[in-house]
Peer 1: 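One structure follows; several queries about it will come next.
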Amino acid sequence: MKKNLWVLYLLTFIFSHLIYAGDAEEKGLAIAKERKLRDKGWGDLQAEMVMTLRNKHGQESIRQIRIKNLEVTGDGDKALSIFDEPRDVKGTAFLNFSHVKGNDDQWLYLPALKRVKRISSRNKSGPFMGSEFSYEDLSSYEIEKYSFKFIGEQKCGDLDCFKIESKPLYKHSGYTRMESLIDKGEYRVQQIDFYDRKNSHLKTLTFSDYKQYKNKFWRANHFNMINHQTGKSTRLDWLNYRFSTGLDDKDFNKSSLKRLR
Amino acid sequence: MGSGQWAVGSKRMKINQWRDNFSLKFLVTLFLLLPISNAKIMAMDISGYIAASGLFFQQEPLAQEQHKHQLALSAEVEIYHAWNENRDSILFKPYQLIDQYDNERTHTDIRELLWLHVADSWELRFGISKVFWGVNEGNHLIDIINQSDQVDSITGDEKLGQPMINLNFLNSWGNIELFILPYFREQTYPGINGRFRSSLVVNADKTEFESSDKEKHIDYAIRWAHSFDEFDIGIHAFKGTNRSPRYLVKTASITSSPYLVAYYDQISQLGLDLQATFDAWLLKLEALYREDKFDKFTALSGGIEYTFNGIFNSSTDLGVVTEYSWDERNQPNLYQFQNDLLLAARVAFNNAQSSEMLIGIIQNLDHSQLRSIQIEASRRIGNNNKLILEMRWFDDHPFNPIHNDDHIQLKFMHYF
């Protein structure tokens, strides 16, 4: 009888851990879904971005980029970025159609040649314009691209946060996993830690100066990405967020690339 | 000043003097604009660059009027103004190059002088502009709208402004582009003091045309372009003056030396450009069928581009390109892209200075001794400057008019 009880305890112990593990994934997914839901319906937006690259000696280079985004129902977002600085790449533009399944579609506009070139979008892990942000860091956030696991709760500054781990499900990612801190109140991501292909801590991205737009949508005015392995960092300062400016599909096609300013 | 060339061209001398004065005034005006970086005067955007470049040739020149090095100054300004919530805009882009020795290479061009009107599902361009068609890296076979500014770059990648009335209709099944091209631009040719020419110099005053309308002949073009799934496709038709000239040998009289005259004929052309993008594989094709007064022929050029991202665990990308070009005509005086294979590698370091390098070889498959090799490297210096190094080697075969012009070009560009 005692032996049977032990077996029962053992089985319950194992079984409860299995449920807990399943729970962790469900809870992680639920948090990610809520975060995405809180941001749903933003429609279209325009903003200016100043990207400051800093090497380990403290030397800085500046990039100025204008961004246009279009929310697409049932698929990933459309994004258009136009460079204003540095001057030698002024007018260069990227058009990106993010997809939930499969690779993104990407086009590059070269203003000197007036050429629109469709490029490979497999390059997820490469640095964007020499910065610490890779292409996958800047692409739109789609739940279907990751598997989630709830890790725990912790303080993040003045706020209380959920900590969830996400693993990219798509190929060619530069990361094994990420750990995100999402505040419990508004489901805004406060910090992301990135772990490289060897599962070493690679970068930390912190979001600050959140502002709410149209009484619903939270956007951080500053992103700061620090690369712990190289000592380099990149800061993004967002200016002039404008929502519902009347953008539609026609502003996000090859033709519109050629007449961009 | 020895040859009969200059006696024939005394009228051109006067034009050259006027042009030189103008060039100087233009550059001076440009220097005055320099301090206005990122300026908005009366809501106009002004930007552009000023560049200093030098061509350094490996071999001694074949003609005594040529030199072993050639320096040049160039500048381009872009003035832009938009109104009506950016639905209307005007763009003015003048360009100037001053060459140390070659008066024919010294030239002014209006690259753009364009009114653009953007409506919901159509756009109108009226004025002078540039339009690029194509998917290839080496042989831009179907890029027909603009004329090449050949003295600017022997690759033909720099273009002269083309007057046009262009109407684009944007639809979900593709865009329709309509062009009326009311004025023909001649190619630019090197003068007696310039290199990259055959032993005979082109006399640009004596250009001949098949059409009696000459450069006033009105050309037409239409293109359908669409992107869907992995494909980007374009199909076009062009009817008008051939942008590529034939060269005729002429002499003014029995006693004076011969010279070349460019002859532009009329053509009708049907063409295709296609790219399929599968992950990191880019498959490309450009093809055309052309009819002129004497000939009907097909030509095609296509290939594959593959990019290795982050080689050797770094942030460097390596792109590899191979392209094959074939021209049915197979005429000896056409020289390039008749049965040629291009192999190239592009290295992008993805650093803060956007350093890049390109190595390429074009090999003629009919004549194993005919090939050209090029190496290019570029990087940003500071926030507003760019340094470009180009090296080109040509084979020694006499078929090639520029076989004696292996060179290095160094170019420093300051952007404002």
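Per chain, numbering begins at 1; letters A, B, ... match sequence-line order.
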Peer 1: Heavy-atom distances under 4.5 Å only: say whether A:S255 touches chain B with side chain, backbone, both or neither.
Peer 2: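 For A:S255, backbone and side chain are both near chain B.
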
Peer 1: If we count only N and O atoms by modelled type, under 3.5 Å, do the side chains of A:Y170 and A:K101 hold a donor and an acceptor together?
Peer 2: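 There is no such pair between these side chains.
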
Peer 1: Given a strict heavy-atom distance threshold of 4.5 Å, which part of B:Y306 is in contact with chain A: side chain, backbone, both, or neither?
Peer 2: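 Side chain of B:Y306 only, per the 4.5 Å heavy-atom cut-off to chain A.
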
Peer 1: By a 4.5 Å heavy-atom criterion (distance strictly below it), what part of B:L282 contacts chain A: side chain, backbone, both, or neither?
Peer 2: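 Just its side chain gets close to chain A.
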
Peer 1: Which atoms of B:N175 are under 4.5 Å from chain A, going by heavy atoms: the side chain, the backbone, both sets, or neither?
Peer 2: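 It is the side chain, since no backbone atom gets that close.
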
Peer 1: Side chain from CB out, backbone as N, CA, C, O: work out which of these in B:E85 comes under 4.5 Å of a heavy atom of chain A, or both, or neither.
Peer 2: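 B:E85 has no heavy atom closer than 4.5 Å to chain A.
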
Peer 1: Regarding B:S378 and B:E356, is there a side-chain donor-to-acceptor distance under 3.5 Å anywhere?
Peer 2: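 Looking only at side-chain atoms, B:E356 and B:S378 do not form any donor-acceptor pair under 3.5 Å.
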
Peer 1: Would you please say whether a donor-acceptor pair under 3.5 Å links the side chains of B:N84 and B:N86?
Peer 2: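 Note: B:N84 and B:N86 side chains miss the donor-acceptor criterion.
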
Peer 1: Using heavy-atom distances under 4.5 Å, tell me whether B:R111 contacts chain A through its side chain, its backbone, both, or neither.
Peer 2: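 For B:R111, there is no contact with chain A at all, as no heavy atom is under 4.5 Å.
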
Peer 1: Give the member of B:D279, B:N351, B:N383 that has the highest number of heavy-atom pairs under 4.5 Å with chain A.
Peer 2: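 Greatest number of close heavy-atom pairs with chain A: B:D279.
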
Peer 1: Which bit of B:K386 comes within less than 4.5 Å of chain A, counting heavy atoms only: side chain, backbone, both or neither?
Peer 2: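 It is the side chain, since no backbone atom gets that close.
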
Peer 1: Name the region of B:N136, side chain, backbone, both or neither, that has any atom closer than 4.5 Å to a heavy atom of chain A.
Peer 2: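 When you check distances to chain A, only backbone atoms of B:N136 fall under 4.5 Å.
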
Peer 1: Measure across B:V135 and B:E137 and return the closest heavy-atom pair with its distance rounded to 0.1 Å.
Peer 2: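 Looks like O-OE2, 3.6 Å.
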
Peer 1: With a 4.5 angstrom heavy-atom cut-off, could you sort out which part of A:I119 is near chain B: side chain, backbone, both or neither?
Peer 2: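 It is the backbone, since no side chain atom gets that close.
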
Peer 1: If you count heavy-atom pairs under 4.5 Å with chain A, which of B:M413, B:E230, B:Q353 comes out on top?
Peer 2: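 Greatest number of close heavy-atom pairs with chain A: B:E230.
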
Peer 1: Could you tell me which portion of B:D120 (side chain, backbone, both or neither) has an atom closer than 4.5 angstrom to a non-hydrogen atom of chain A?
Peer 2: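 When you check distances to chain A, only backbone atoms of B:D120 fall under 4.5 Å.
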
Peer 1: Against chain B, work out which of A:G130, A:A112, A:S121, A:S120 has the most heavy-atom pairs shorter than 4.5 Å and name it.
Peer 2: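 Greatest number of close heavy-atom pairs with chain B: A:S120.
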
Peer 1: Think A:K124 forms a cation-pi with A:Y135, using NZ or CZ under 6.0 Å from the six-ring centre and within 45 degrees of its axis?
Peer 2: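 So A:K124 doesn't make the cation-pi contact.
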
Peer 1: Of the listed residues (B:N146, B:N168, B:N385, B:D229), which shares the most heavy-atom pairs with chain A below a 4.5 Å separation?
Peer 2: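 Heavy-atom pair counts peak at B:D229.
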
Peer 1: With only heavy atoms counted, which part of B:S129 is less than 4.5 Å from chain A, the side chain, the backbone, both or neither?
Peer 2: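 Side chain of B:S129 only, per the 4.5 Å heavy-atom cut-off to chain A.
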
Peer 1: Could you tell me which portion of A:L113 (side chain, backbone, both or neither) has an atom closer than 4.5 angstrom to a non-hydrogen atom of chain B?
Peer 2: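 Both backbone and side chain.
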
Peer 1: Between B:D317 and B:N350, do the side chains contain a donor N or O and an acceptor N or O under 3.5 Å apart?
Peer 2: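 Yes, side-chain donor-acceptor contact under 3.5 Å.
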
Peer 1: Is the B:F278 ring parallel, tilted or perpendicular to the B:F231 ring (thresholds 30°, 60°)?
Peer 2: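 The rings of B:F278 and B:F231 stand perpendicular, inter-plane angle above 60°.
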
Peer 1: Pick one of side chain, backbone, both or neither for A:K250, based on which atoms fall under 4.5 Å of a heavy atom in chain B.
Peer 2: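 Contact with chain B is through the side chain of A:K250 alone.
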
Peer 1: Can you tell me if CZ on B:F132 sees more than 12 non-hydrogen neighbours from other groups inside 6.0 Å?
Peer 2: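 More than 12 heavy atoms, drawn from other residues, nucleotides or ligands, come within 6.0 Å of this atom.
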
Peer 1: Who wins among B:S227, B:G310, B:G382 for the most heavy-atom pairs under 4.5 Å with chain A?
Peer 2: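 That would be B:S227.
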
Peer 1: Non-hydrogen atoms of chain B under 4.5 Å away: do they reach the side chain of A:N103, the backbone, both or neither?
Peer 2: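 Contact with chain B is through the side chain of A:N103 alone.
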
Peer 1: Side chain, backbone, both or neither: which part of B:E305 has a non-hydrogen atom closer than 4.5 Å to chain A?
Peer 2: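 Only the side chain of B:E305 comes within 4.5 Å of chain A.
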
Peer 1: Please check if the number of heavy atoms outside A:K167 that lie under 6.0 Å from its NZ is greater than 12.
Peer 2: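 Not buried by this count: 12 neighbours or fewer within 6.0 Å.
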
Peer 1: What's the shortest heavy-atom distance between B:F416 and B:E76, and which atoms?
Peer 2: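 Residues B:F416 and B:E76, closest heavy atoms: CZ-O, 4.4 Å.
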
Peer 1: Does A:K203 make a cation-pi contact with A:F194 (under 6.0 Å, within 45 degrees of the axis)?
Peer 2: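 Yes, A:K203 and A:F194 form such a contact.
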
Peer 1: Is it the side chain or the backbone of B:S315 that comes within 4.5 Å of chain A heavy atoms, both, or neither?
Peer 2: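 Both the backbone and the side chain of B:S315 come within 4.5 Å of chain A.
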
Peer 1: Does A:K78 form a side-chain hydrogen bond (donor to acceptor under 3.5 Å, both in side chains) with A:S140? I'd like the steps, not just the answer.
Peer 2: CA-CA 8 Å; A:K78 295 189 176 179; A:S140 76; over 6 Å; no

